[in-house]
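Order of the sequence lines fixes the chain letters, A, B, ..., with proteins taken first and strands second; residue numbering starts at 1 for each chain. Since we're looking at a predicted model, the values are computed, not measured.
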Amino acid sequence: MRFSRAYIPTTKESPKDAQLPSHIYLSRAGFVAQVASGLYNFLPLGKRVLRKIETIINEEMTACGALEVDLSFVTPAELWEESGRIEKFGKELLRFRDRKDNLFVLGPTHEEMMVSIVRNRITSYKQLPLNVYQVKTKFRDEARPRFGLMRAREFVMKDGYSFHATTEDLDREFDAMEAAYKRILERLGLTFRIVEADSGAIGGTGSKELMVLASSGEDTLAVCDTCEYGANVEAARRSPRVLIPEAPEANFAKFKTPNIKSIEDLSNFFHVDPYYTLKAVVLRAVYEEGSEPVCFFIRGCDELQEVKARNSVGAIDLVDISEAELTEIGLVPGFIGALDQDKIRFVMDNDTRNATSMICGANEADYHFVGVDLSVMGDVPFADLVAVAVGDGCPHCEGKLLHTKGIEVGHIFKLGTVYSAPLKAEFLDENGRSQPFIMGTYGMGVSRLVAAVIEQHHDEKGCIWTHATAPYMVNLMVSNIKEEAHLLYAEELYATLGKNKIEAILDDRKERFGFKMSDAELIGFPFTVIIGKELNNGHVQILVRATAEMITVDADKVMEKLAELIG
RNA sequence: CGGGGCGUAGCUCAGUAUGGUUAGAGUACUUGCUUUGGGAGCAAGGGGCCGGAGGUUCGAGUCCUCUCGCCCCGACCA
C-alpha cells in the first residue's frame, strides 16, 4: 500500500468524548470513527486489524473441527418468545416490524437461531457432536454504551455452539475450546488469564472468562501470585485461613455493649480480632415476583460479595434496606445476631460453620453475646458469601491472591439443556429415547479485542500493535520524497518485501520528517524503516515501535534484519 | 432508567452571566514562494441554518419553552 493513496485520516487532537487510550488512539490514528452512541465505522486500517483477528480465530476453530456458518442477523421474534428470552432481554433487544407487520429482532447473540438450524435435522446421537460458529455483527441496545469499541451497541463477536449426547462429551469439548481460545490469545500477543466466572442466571455447571489484563479493565480479578488460578471476584474462592488470630477466652454470656454497633467498635470494646465477630448484612432480595429482606452473616473481618449473596438466595437483585424497615420487622440495627433468629430469612457464610468463641448481636439493644459456639445453630443454610481480599490464600496452592483488572474478551459456558429443552431440540439416544441436546457456548469479542490490544499495548505516542494484529508489519518511511535516489531505494525495498509476503506500507507522502514519524508512532506499525539522509552513507534505520529502539543497518542488509526482527 | 454536563467551521474550543457592527481563534484544507531528520515559515484564499422547533424582542449564538443528539457517574450488562 502506498500511504499517499491510502485513507488514513490521522489527527493531532483527540475526539472530546474519548477517555480510554484505545478509544483515543484508534480514533486519532484513523482506525475507527464514531457514528452515533455505541456505533463505529471501521476505516481501512481498522478493518485490516479486525480481519487479522478473525483469520486467527477461523484458523484455530477449523483446527478444532468447528464449522463456520453465517446466520441471519435479523431474527424472527417468535424464536425469542419460544425461548422466553424476549422478556428477559428487555430493551436491549432492538425490535422492529417488516412491511407485513411481522416482529423481528436484531440478534444480540444466537443461541436460539443456532438451536433452530440443528433442531429436527440432527436427530440421532450418531450425528453428534457438532460444533458450529460464526463471526458476525451483533446488536445490543445497551442502556449505556461507553469506552469506544469496548462497550459498543453494534459489535463483532465470534459465537460458537456445541451439541453433545453426553455431559462427558461436553466436558471434553469445553476443554478443547478453552485450549483453542488460549492459543488464539497467545497468537494475538496478549497477556491474559483464564478465570473462573459467575455463570449467573444462565446456570450451567461451568463458565470461564478470558480476561486480557489491562489497568482499564472493567472486571476485577483475583489471581494467584504462584499458580495459574484466577477468578472473577464475583466467583473467586480462597483457601481456609491458616493464620487464625488467638481466640478470646470467654464463656457464653450476654454482655452489655452500650451503643457499640459497628464491627470496629465491637472489636475495640472487647479487644478481640474482628475475625471473632459476626457481621450481619441485611439487604432486600428482589425476585421475579416480589421481594423480601434477607440477612447475610459473615465474619467481621470479611466483606460481603453481592453476586455470591444474590446467587445464594436465587435473587435477581439485592438492594439496600433502611434502618426503619429493619426496625419494622423487629430487628435491632447494630445488634442483629444469628442465635434464635426467627424474624428474617438468613444465610450464613461457609467460614462461620461451627465457629467458636464468636461475638454476635443479641437481637436486643445494647447487648451482644460472647463466647458463642455457632455449631449449636444446627441445620441452617450456608453458602460462600465473602469477597476474597488481597493476600488471601490461593485455593489451589500455597500462593497468595492478588487483585488485578481485566477486559473480558471471551466467555465459555457449559449450557447443558438450558436452551435445548425449552426449544424442544432433541435427538434419539442409544436406547431410542428422546433427549435434549447437551450444549456448550463459546463467545469471543472480536471488535473488543481490537480495543483490548491497544489497552494493553500503547504509550504516550500512540498504538503499539503486536505482530499478529498490525495493519501493516513494516512502514517504509521516505524522509524526503524529492530525493529521487531515496524514493527509488524505497520502491525496490517495497517490492522485495512484497515478494517475501511481508505486509508493508510505503510512506511516499510529500510531508516532512517529523510529521511522518509522528504518524508512524501514532498508528503503531511494529517496524518503521527510515530512508533518509543516512542512505547517503549506505545506511537506513529501523525504528522498533515497541521498544523505541533505533537500529542502523546497511542499506543492502535490511531484508535480513527485518526478517530477524519479525522472527 | 436515576443524577450531572455539553451541542458554535472537518477537528479542538472561545464568545452566552449583562441581547446590539459583517460570529472568532488554533488546527486542518486550497494556491504560491521558501524550508526539508521530530507535527515548518510567510502570503493570499475557501469553509457556519451557532443541534432542531416554537416563543419574547426593534434586534437572539446569547433570554424562555419544548425537542433531538452526545458524554460522564450510578443502576443494568445470557
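- Here A:Thr547 pairs with A:Val544, A:Glu549 under the side chain to side chain contact (heavy atoms under 4.5 Å, CB included) rule; sequence neighbours left out.
- Where stacking is scored as ring centres under 5.5 Å apart with planes under 30°, A:Phe515 does not register as stacked on the base of B:G39.
- A search for salt bridge (charged side-chain N to carboxylate O under 4.0 Å, His left out) contacts involving A:Glu234 returns nothing, not counting sequence neighbours.
- With the nearest nucleotide of RNA chain B identified for both A:Met550 and A:Ala36, A:Met550 has the one nearer the 5' end.
- The side chain of A:Arg512 sits closest to B:U35 out of B:G37, B:U35, B:G39.
- Between the side chain of A:Lys308 and the backbone N or O of A:Val233, no donor-acceptor pair lies under 3.5 Å.
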Anything under 3.5 Å between a protein N or O and an N or O of nucleotides 9-14 of chain B, put it in a table, one pair a line.
unit_1	atom_1	unit_2	atom_2	d
B:U12	OP1	A:Lys16	N	3.0

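- Listed by chain and residue number, nothing satisfies the side chain to side chain contact (heavy atoms under 4.5 Å, CB included) test with A:Lys91 (two or more places apart in sequence, or in another chain).
- Sorted by first and then second residue, the side chain to side chain donor-acceptor pair (under 3.5 Å) pairs involving residues 21-33 of chain A (not counting sequence neighbours) are A:Ser22-A:Glu455, A:His23-A:Tyr40.
- Taking atom C1' on both B:U30 and B:G10, the two are 14 Å apart, rounded to the nearest angstrom.
- Across all strands shown, B:G2 pairs with B:C73; the Watson-Crick or G-U wobble distances both stay below 3.5 Å.
- Here A:Glu13 pairs with nothing under the side chain to side chain contact (heavy atoms under 4.5 Å, CB included) rule; sequence neighbours left out.
- When each of A:Phe147 and A:Ile530 is assigned the nucleotide of RNA chain B bearing its nearest heavy atom, the one mapping closer to the 5' terminus is A:Ile530.
- Pairing for B:C42 is with B:G32, a Watson-Crick or G-U wobble pair whose two hydrogen-bonding atom distances lie under 3.5 Å.
- Across all strands shown, B:U22 forms no Watson-Crick or G-U wobble pair with both key distances under 3.5 Å.
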